[in-house]
2 protein chains.
Amino acid sequence: MFIIVMPSATVENYLKCILMLSMECKGAEVPMGLIANSLGVTPGTATSMMKNLQREKWLTYKSRKGVTLTASGKKLGMRMIRRHRLLETFLVETLGLDWSEIHDEAEELEHSISEKVLERLDVFLGNPQHDPHGHPIPTKGGVIRKLPQKTLLDSLLGKKMKIESILDQGSDFLKFAQKKGLMPGKMITIIKRDKMADTIELQLEKKSKFSLGFKSAEKILVSG
Amino acid sequence: MFIIVMPSATVENYLKCILMLSMECKGAEVPMGLIANSLGVTPGTATSMMKNLQREKWLTYKSRKGVTLTASGKKLGMRMIRRHRLLETFLVETLGLDWSEIHDEAEELEHSISEKVLERLDVFLGNPQHDPHGHPIPTKGGVIRKLPQKTLLDSLLGKKMKIESILDQGSDFLKFAQKKGLMPGKMITIIKRDKMADTIELQLEKKSKFSLGFKSAEKILVSG
DNA sequence: GTCATAATTTTGATTAATCAAAGTAATGCC
DNA sequence: GGCATTACTTTGATTAATCAAAATTATGAC
Ligand SMILES: [Mn+2]
Ligand SMILES: [Mn+2]
Ligand SMILES: [Mn+2]
Ligand SMILES: [Mn+2]
């Protein structure tokens, strides 16, 4: 008899987190500090968890270097990203929740929805390609489109660009962005960039001008 | 500062289970055996859990007698029943799952869906009054309609009756019932009752006759 | 009333996930 | 190269939920 042990919600969270960090940041290994930090656990907890995850073949761990996901680790991580983003889409599109409140909801639901229900949801939603924040939804097979890596900060002055996605998941920033109209799909132009003042001045289609600090501008990905 | 500790999924399962048992069976207290049995845990586990639940004021526990829910225990139990049944309804009505496979799905999802999402779901579904098995859905305030307590076994011969609900949640029985057309809303007549053979012969609107053992007949609630 | 049986409780152990705090290694500045 | 700072690991403890098996209490048949 073979009993299949489902990975716990904790394992799922760790693997999703590590996969996202590994896609964001350069190096071969994801360092422990980043992991502990993004999951809000103490460094010691992260270290001991990495040993367990290594024992269960989700990743390989090099002391004082960091971790690298195995193929199955990547697969599970990617599946969690798919779940999370499809659920977020459902919460906004079908139930009409605000995009600033869906992240935490999806963070829980992603662990209890079955593969079957998820695929039904995908069909029901019409196979959406990205979530309400503009993040690409991986396919069932685990393929994910690359986002343009150009932020609003490092793109050309005076050129009309399309907002692709918002990187900050915090509800405060999302509420602010929504109020300003900074949402995926909207067209935007940089009017002025002031290095001294640390601001860029922006023009959103038909709306009045407003400005954004460099740090916030880096949270907006654009294309075109 | 007051931090609100969310009851764990385990606590939620115990309270839902105890509430359902207390509605089904007579006595003032729900005995330990029933609880351990319906949750599939050992008797010792149930006993030790009851002490914890008592400490947290969800119920009162009398050694070798059983437990009685407090007002807050009833409230949480009822909320779980509402969640479970609304989710089941969603899974069948919106996503088109079969009624034999929704129970286990809802058993997980009920713990991770927020109050907000649940109420949106309720509106989206048009405030359904009962789940796909014919079980009444409690209101947000915790009020639940009483089911008719008449089973197919103890009702009149030759009288046309309406099927109200199916008590067995097992997927095998549900698949069988569906095939036979034994579903809430259908009209049914008892043709014959044979005490020796332990069967009743049935006629479902326009379908051919078939028979059912007493034990199975007790799983079907009817009215009218 | 006396036992056998059934129901329940107790005891001792295990597992996953976590923290605090102490210890160790790496990095990098002068 | 030495030392301060930062990053990471180790250790020891805790909590919730569980089981197995032994101990206890209740129940029912005679
Ligand atoms: Mn999560
Ligand atoms: Mn998102
Ligand atoms: Mn449940
Ligand atoms: Mn049901």
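The structure displayed is predicted, hence computed values, not measured ones. Letters A, B, ... mirror the listed sequences (proteins, then strands); counts begin at 1.
Reading DNA chain D from its 5' end, the first and the last nucleotide to sit under 4.0 Å from a heavy atom of chain A are dA7(D) to dT10(D).
A donor-acceptor contact closer than 3.5 angstrom is absent between the side chains of Glu29(A) and Thr68(A).
Residues satisfying the ring pair (Phe, Tyr, Trp, His ring centres under 6.0 Å) test with His103(B), not counting sequence neighbours, are His84(B).
Contacts of Gly33(A) with the nucleic acid, taken as non-hydrogen atoms under 4.0 Å apart, involve only primed sugar atoms and P, OP1 or OP2. Across all strands shown, Thr10(B) has heavy atoms under 4.0 Å from sugar-phosphate atoms exclusively, and none from any base.
Separating the CD1 atom of Ile35(B) from the C1' atom of dA7(C) is a distance of 13 Å, rounded to the nearest angstrom. Look at CE on Met32(A): it is 15 Å from P on dA26(C), rounded to the nearest Å.
Contact annotation: Ser63(B) reaches the phosphate of dT9(C) (side-chain N/O to OP1 or OP2, under 4.0 Å).
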Ignoring hydrogens and angles, write down the donor-acceptor pairs under 3.5 Å from the side chains of residues 72-79 of chain A, residues two or more places apart or on other chains.
from, atom 1, to, atom 2, distance (Å)
Ser72(A), OG, Lys57(A), O, 3.4
Ser72(A), OG, Thr70(A), OG1, 3.2

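Of the charged side-chain nitrogens involved, at least one lies within less than 4.0 Å of a carboxylate oxygen, so that Lys16(B) and Glu107(B) count as a salt-bridged pair. Look at Glu101(B) and Lys175(B) and you find no salt bridge, because none of the NZ, NE, NH1 or NH2 atoms lies under 4.0 Å from a carboxylate O.
Between Phe90(A) and Phe90(B), the angle of the ring planes lies from 30° to 60°, which puts this pair in the tilted group.
Between Lys65(B) and Ser48(A), the residue whose closest nucleotide on DNA chain D is further toward the 5' end is Ser48(A).
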